[in-house]
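Report on one structure; see the data block that follows.
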Amino acid sequence: MDRIQATKELAFRVAFSGHSGHLRVEPLSTVERTNPVKSAPLGGEPLSTVERTNPVKSLPDFILPPAFPRETQESIKEHIEEKYLLPRLDPDEFSAEKAGRQWEFDWFEMAKLPLEPSLPRSVVVPTWEVPFRRKKKGSVEGMWEPNSVQVDVSELSPGAQDSASLPRVAGPAKDFVRGSINNRPFRPGGLEESQNVDRLLPDGATNGEWVREVLNGGPAQAVAPSLKQGLDLGDLKAFPYTWNVYKDKGSLNNASDEKLSELSVQFDDLFKKAWEEDDVAEYEGDAHLSEEDSTKPDAEVSQVDLSSSTAKSESHALDEILFVESGALMPSGHQQKEASAFTGSSEGIAEHFYELVPDMALSFPFELDAFQKEAIYYLEKGDSVFVAAHTSAGKTVVAEYAFALASKHCTRAVYTAPIKTISNQKYRDFCGKFDVGLLTGDVSVRPEASCLIMTTEILRSMLYRGADIIRDIEWVIFDEVHYVNDVERGVVWEEVIIMLPRHVNIVLLSATVPNTVEFADWISRTKQKTIRVTGTTKRPVPLEHCLFYSGELHRICEGEIFMPQGLKTAKHAFKKNNSTTAGGGPGAYTGPSVTRDGVRGQKRDNQSHSKQNKHGSQNLGAFSGTSWGNQNNGSGQNNWRSWRSEASLWLQLVNKLLKNSLLPVVIFCFSKNRCDKSADSMSGTDLTSSSEKSEIRVFCDKAFSRLKGSDRNLPQIVRVRSLLSRGIAVHHAGLLPIVKEVVEMLFCRGVIKVLFSTETFAMGVNAPARTVVFDMLRKFDGKEFRQLLPGEYTQMAGRAGRRGIDKIGTVVVLCRDEIPEESDLKRVIVGSATRLESQFRLTYIMILHLLRVEELKVEDMLKRSFAEFRSQKQLPEQQKVLMRKLAQPAKTVECIKGEPTIEEYYDLYLEAEKYGNQVSDAVMQSPHAQTFLTPGRVVVVKSLSAQDHLLGVVVKVTSASMKQYIVLVLKPDAPSVSSNLQDKKSADFQQGYMLMPKSKRSFNEEYFSSLTNRKGSGTIKIELPYQGVAAGINYEVRGIESKEFLCICNRKITIDQVRLLEDGSNAAFSKTVQQLLETKSDGNKYPPALDPLKELKLKDVNLVEDYHKWTSLLQKMASNKCHGCIKLEEHISLAKEIKRHKEEVSNLQFQMSDEALQQMPDFQGRIYVLKEIGCIDGDLVVQIKGRVACEMNSGEELICTECLFENQLDDLEPEEAVAIMSAFVFQQRKTSEPSLTPRLSQAKKRLYSTAIRLGELQSNYNIQINPEEYANENLKFGLVEVVYEWAKGTPFADICELTDVPEGLIVRTIVRLDETCREFKNAAAIMGNSAVYKKMESASNAIKRDIVFAASLYVTGV
């Protein structure tokens, strides 16, 4: 701007700043002053021009420095970087005074960083057209420009739903581990790409047309999609080429395979079709065929490559292994589509392991077994592995190596276990080796760790809720895979395996099962991955199996070989003992009855007695004999005898084991009561030394010190400490969690000598012993008593033998009142293990989670279940059969009477046959029908060819009781092909057939000639079947049974039985045939049938309706022009073949469709239920009610959702609400009746009525559910009072006195109830119900205290 004059000659200017655009004031140098000496020259003359323009003379007196530095390009760049590009922390939040503070906000949301531009949701792509169909529009030069369409970005990304895809935006940090109901699940690996992905390649781009365009040259696309102008770089240049056509001479395909290959619609077929259609002549001269220049056949090339590879492989064993892995097992180019399960044919892997894997991710201080080396080698290759081996064989080594690989690759690994105890124990075992975290229902320890241990249900929830942590997972280890056979929870394993994304590799650890390869094959086909199956059937510590009877051990099996001699010795001792002892001694002890062991004893007279028995008091009088001896003998004296006999038996066993150095021992009893009472019976036994007692006391003091004073003196803790001090312990689900952990840890230390346990110890704890004892070989499985399965026996027996300590493990079967049979022992000990069977079933929460995402279908989940594996595996073969049948030339019927109607006639026949079979038995066998079947009755008989029925008349009733008749029937006009066929039943009516004696004949069986009135001789002199021609009509006389009648007509004619059956008079036959022909009326072939209501007296409405339909169809058949045609039989057989072909094609198409899935009817019924209650709408879109149901994992989702939407918790206090909610998670069936307040009683009735209503609704939609069983199974109110008092602050010792439920189950229920409160709180947030949200928060805080939520010893240490 121009110079502005200011006071005192201070000059400045106003300007815009360089990059900010702000106004700024910039001072200028001072104004030039005239020299005071020269300012007033003498004479008043002005200064000369030279003086005024002299730069030296015009300098100012002084110059002020500028207020702002002058801007340069570098200064502007530095300013922009400093202010806009470099991130800064909030000075208020990150001040020095707040150092070490934990911020309670989301870093990703609060970090002051500029957001990146959002990804485009759609793009414009060109559409493809074949060159000869392109329209030269819109271009002056006649060049073709493609049209453009707008498509979604996700449709153009092959992995759009996978973890590595950009459109799958990461969620907030708080949902990183657990996921959110708002997230989309990651696309499961192995699912075919969605139909939208087909738009990756525009229509026509895959039919070979692009090849011709590239080869021949031509105009290229010049304008980019959605733009008006483009850059024309000229036409594509033609490329010289030669076609080489040859046939594979080495192929030995049969004719059917060649025919099948012709039917296959492959790329070559499409290319050929595109090449030949339309303007083919335009391109004929561009290519030439040259057989001389053809290359070698594929077979020869592959043979050369194979032989060369084999020659190289012989030079070194490692090359052979690698060649087998890459070439022989996995065909080139088919790694993804032809994935399969392979058993390791790799003896060389173990020998050359350290050369194949020179840099191991984890080293072990011991020599690895062969199967461990194979598994590690496959893990290093990136393959999934299935390891099947016995208990304690070292399967955990494979899991540890997967953890090490994840740490090495900077990825994550997940270890899943079926039981929370295994998760806690593995966390302790891995803590010192890896960066480990733990995720269970109630515990979350270091979820950011690279190696996570969790229950399988947690992983399933993470998959359904799209947790972002899944992006980082490289390995998922499934431990105890044989748990898939569990009826209740086995479905979880299948769900997780199906839902895992394709970038996740799988490691499966299982006990030995017969169908390991089948299960691995299912996973490989489902996930389109290669599964390597390895393992060993060799036990690290061999087992010997013995029977214990009468104080002696009798060996019956060693090294998997059964030894009958030991069994004979035991039986001999049993017989000797019974012969010398009359009802006394341990050998004659009456064992437990066949009634349920796990059920409580008979009801006590008072509640205190029940509580005393529950806590396992050492009072001998509390030892009930109801679960031990004869339950009918309930006197105290007999109970005392039973207890003394049981105590002496255990003492005798322990002394024997101690004498033979076979301790420690795990004794498996299949009842919590049985474990407690057996341990209490050994009150006088002490198996520990003073140093062991001191170790036990110190350990228990440290472990129980985390409990408050009142909880340390709980009856169960006092009792268990007393047992532990003597080297005896119990382990079952009724124990407090901290008590169970104390027992497990002390047993692993070796200070517990005798442990009475249920079978959960074999599944959940890795604690081997020297000896395992089976109290019996029968168990109660929740429904009935049954023998142990071989797999169950093997799992528990595998705890015998400590690797590295014992040379042999001992398994003892206790015998009391009898010796097991040899067949039973063989089946259990050396029998085949239980096969892995699918327990897959549909659940509402599964359906709702899958309906949330369009790309995932419930049908896909059903098809990929293990239950459907066998049928889905046959689909390729069924596809080939279907293509063959569709390629067969269609057969046609040439009718001589014009338009063929034989198919219509055949359909009428089949329909009539269907109704005839239904009606025949009911009508023809009825007493009313028999009264009409008298001589002269006109009938319709099924023909021999079963295609055209015959009109006839009953000539003779040979036996009314046997329902046998002699009938004259009219044959078709033309000679029948089957006229020489002999009816099977006519063999009973040979020539000279004699009637029954007169004294035994009924009146109807006497016959007279109507013309001569002479009585017949009783002999049928004509030979049956008797054929002839009368009045130009073929006829036949034969014997039939009543079931061969098709219809009884309402007409009756007069016949001469004597002349027909004895004389064979042609005149009589002619008259009879003429009368039969006269019975036809109105052009119908058959007379009308008897009225089913008036004459046959039928009462069933449906039967009468079927009868009318049947007779109507017969009349339609008679009026059809095909009826009586000379080519009827030929055309019928042709129509039958055509229909059979159509049915086979239709059946194959049905079997290959989703409708053939086993659980499809159940799925459709559940969809109707979800629509009815409002979880989804008519378009299967999940509504807010369905979103709430997705949050319910602890209880039955429908009942929990209805409870919330019916506001059943609104009028309850937090303590009352959480007490009622305990019905969702409590498991025990039979308990003492709780004492409830009026409000709790009302809430209980309201919730139960809701469950009944939902059960009836499901039953109405053909879901196999009994409403009462459904309500009782999902709602158990046994702990409502206990939880209510606990939430009010009652001490744990006091609430235990309110019920007969064991303390361990009480704690387990309350812990699960806390998880249910979180789920209800999340559901309330979705609903917008703040009152329920706060109520659930208060309820959760009320129950989270004291011993119930004591930290696990495995997690925190002792």
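What you are looking at is a predicted structure, and each value in this text was computed from that prediction instead of being measured. All heavy atoms count here, side chains included; hydrogens, waters and symmetry mates do not.
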Salt-bridged, Arg1253 to Glu1202, with N to O below 4.0 Å? yes

Contacts of Glu859 meeting side-chain hydrogen bond (donor to acceptor under 3.5 Å, both in side chains) (sequence neighbours excluded), chain-then-number -> none

Are Tyr1354 and Tyr427 an aromatic pair, judged by ring center distance below 6.0 Å? no

Is the cationic atom of Lys1185 (NZ for Lys, CZ for Arg) positioned less than 6.0 Å from the six-membered ring centroid of Phe1205 and within 45 degrees of its normal? yes

Spacing of Trp1286 atom CH2 and Ile1295 atom CD1 [to the nearest 0.5 Å]: 5.5 Å

Is it true that Asp711 and Arg1345 have a side-chain N and a carboxylate O under 4.0 angstrom from each other? no

Do Ile1347 and Leu714 touch side chain to side chain, with heavy atoms closer than 4.5 Å? yes

Can you tell me how far the CZ atom of Phe1226 sits from the CG atom of Asn1274, to the nearest 0.5 Å? 14.5 Å

Sidechain N-carboxylate O distance under 4.0 Å for Lys1171, Asp1177: no

Euclidean distance, Ser1232 OG relative to Leu1298 CG, rounded to 0.5 Å: 8.5 Å

Nearest heavy atoms of Ser423 and Ile453, plus distance in Å: O-CG2, 3.6 Å

Worked verdict on Arg465 versus Glu1191 for salt bridge (charged side-chain N to carboxylate O under 4.0 Å, His left out): CA-CA 10 Å; Arg465 298 165 69 91; Glu1191 293 285 347; 3.3 Å; yes

Side chain to side chain donor-acceptor pair (under 3.5 Å) evaluation trace for Arg674 with Thr758: CA-CA 9 Å; Arg674 204 171 180 83; Thr758 56; over 6 Å; no

Can you tell me how far the CG atom of Asn1262 sits from the CG atom of Asp1162, to the nearest 0.5 Å? 10.0 Å

Evaluate the side chain to side chain donor-acceptor pair (under 3.5 Å) criterion for residues Gln1258 and Tyr844: first the C-alpha distance (whole Å), next the side-chain angles of each, then the deciding distance (0.1 Å), finally the verdict. CA-CA 12 Å; Gln1258 296 175 78; Tyr844 289 104; 2.7 Å; yes

Looking only at side-chain N and O atoms, does Thr1356 offer a donor or acceptor that is under 3.5 Å from a partner on Arg706? yes

Could you tell me whether the side chains of Thr1250 and Gln1208 share a donor-acceptor contact shorter than 3.5 Å? yes

If you measure from OG1 on Thr421 to CD on Glu744, what distance do you get to the nearest 0.5 Å? 5.5 Å

Say whether Tyr1261 and Glu1172, considering side chains only, have a donor N or O and an acceptor N or O under 3.5 Å apart. yes

Could you go step by step and tell me if Asn485 and Gln839 meet the side chain to side chain donor-acceptor pair (under 3.5 Å) rule? CA-CA 6 Å; Asn485 284 335; Gln839 303 297 335; 4.8 Å; no

Just do the salt bridge (charged side-chain N to carboxylate O under 4.0 Å, His left out) check on Glu1213 and Lys1335 with the steps written out, would you? CA-CA 8 Å; Glu1213 295 298 324; Lys1335 188 173 295 184; over 6 Å; no

Between Asn1272 and Arg1229, does a side chain to side chain donor-acceptor pair (under 3.5 Å) hold up when you go through it step by step? CA-CA 9 Å; Asn1272 294 329; Arg1229 299 174 182 269; over 6 Å; no

Hey, are Glu1233 and Lys1244 close enough for a salt bridge, meaning a charged N less than 4.0 Å from a carboxylate O? yes

So which of Ile1184, Leu851, Leu1170, Val1182 actually passes side-chain contact (heavy atoms from CB on, under 4.5 Å) with Cys1175? Leu1170

Over 60° means perpendicular and under 30° means parallel, so classify the ring planes of Tyr464 and His849, tilted if in between. parallel

Below 4.0 angstrom, N of the basic side chain to O of the carboxylate: do Lys1288 and Glu1215 qualify? no

Hey, are Asp1314 and Arg1318 close enough for a salt bridge, meaning a charged N less than 4.0 Å from a carboxylate O? yes

Got a second to check how far Ser461's OG is from Glu1319's CD, nearest 0.5 Å? 8.5 Å

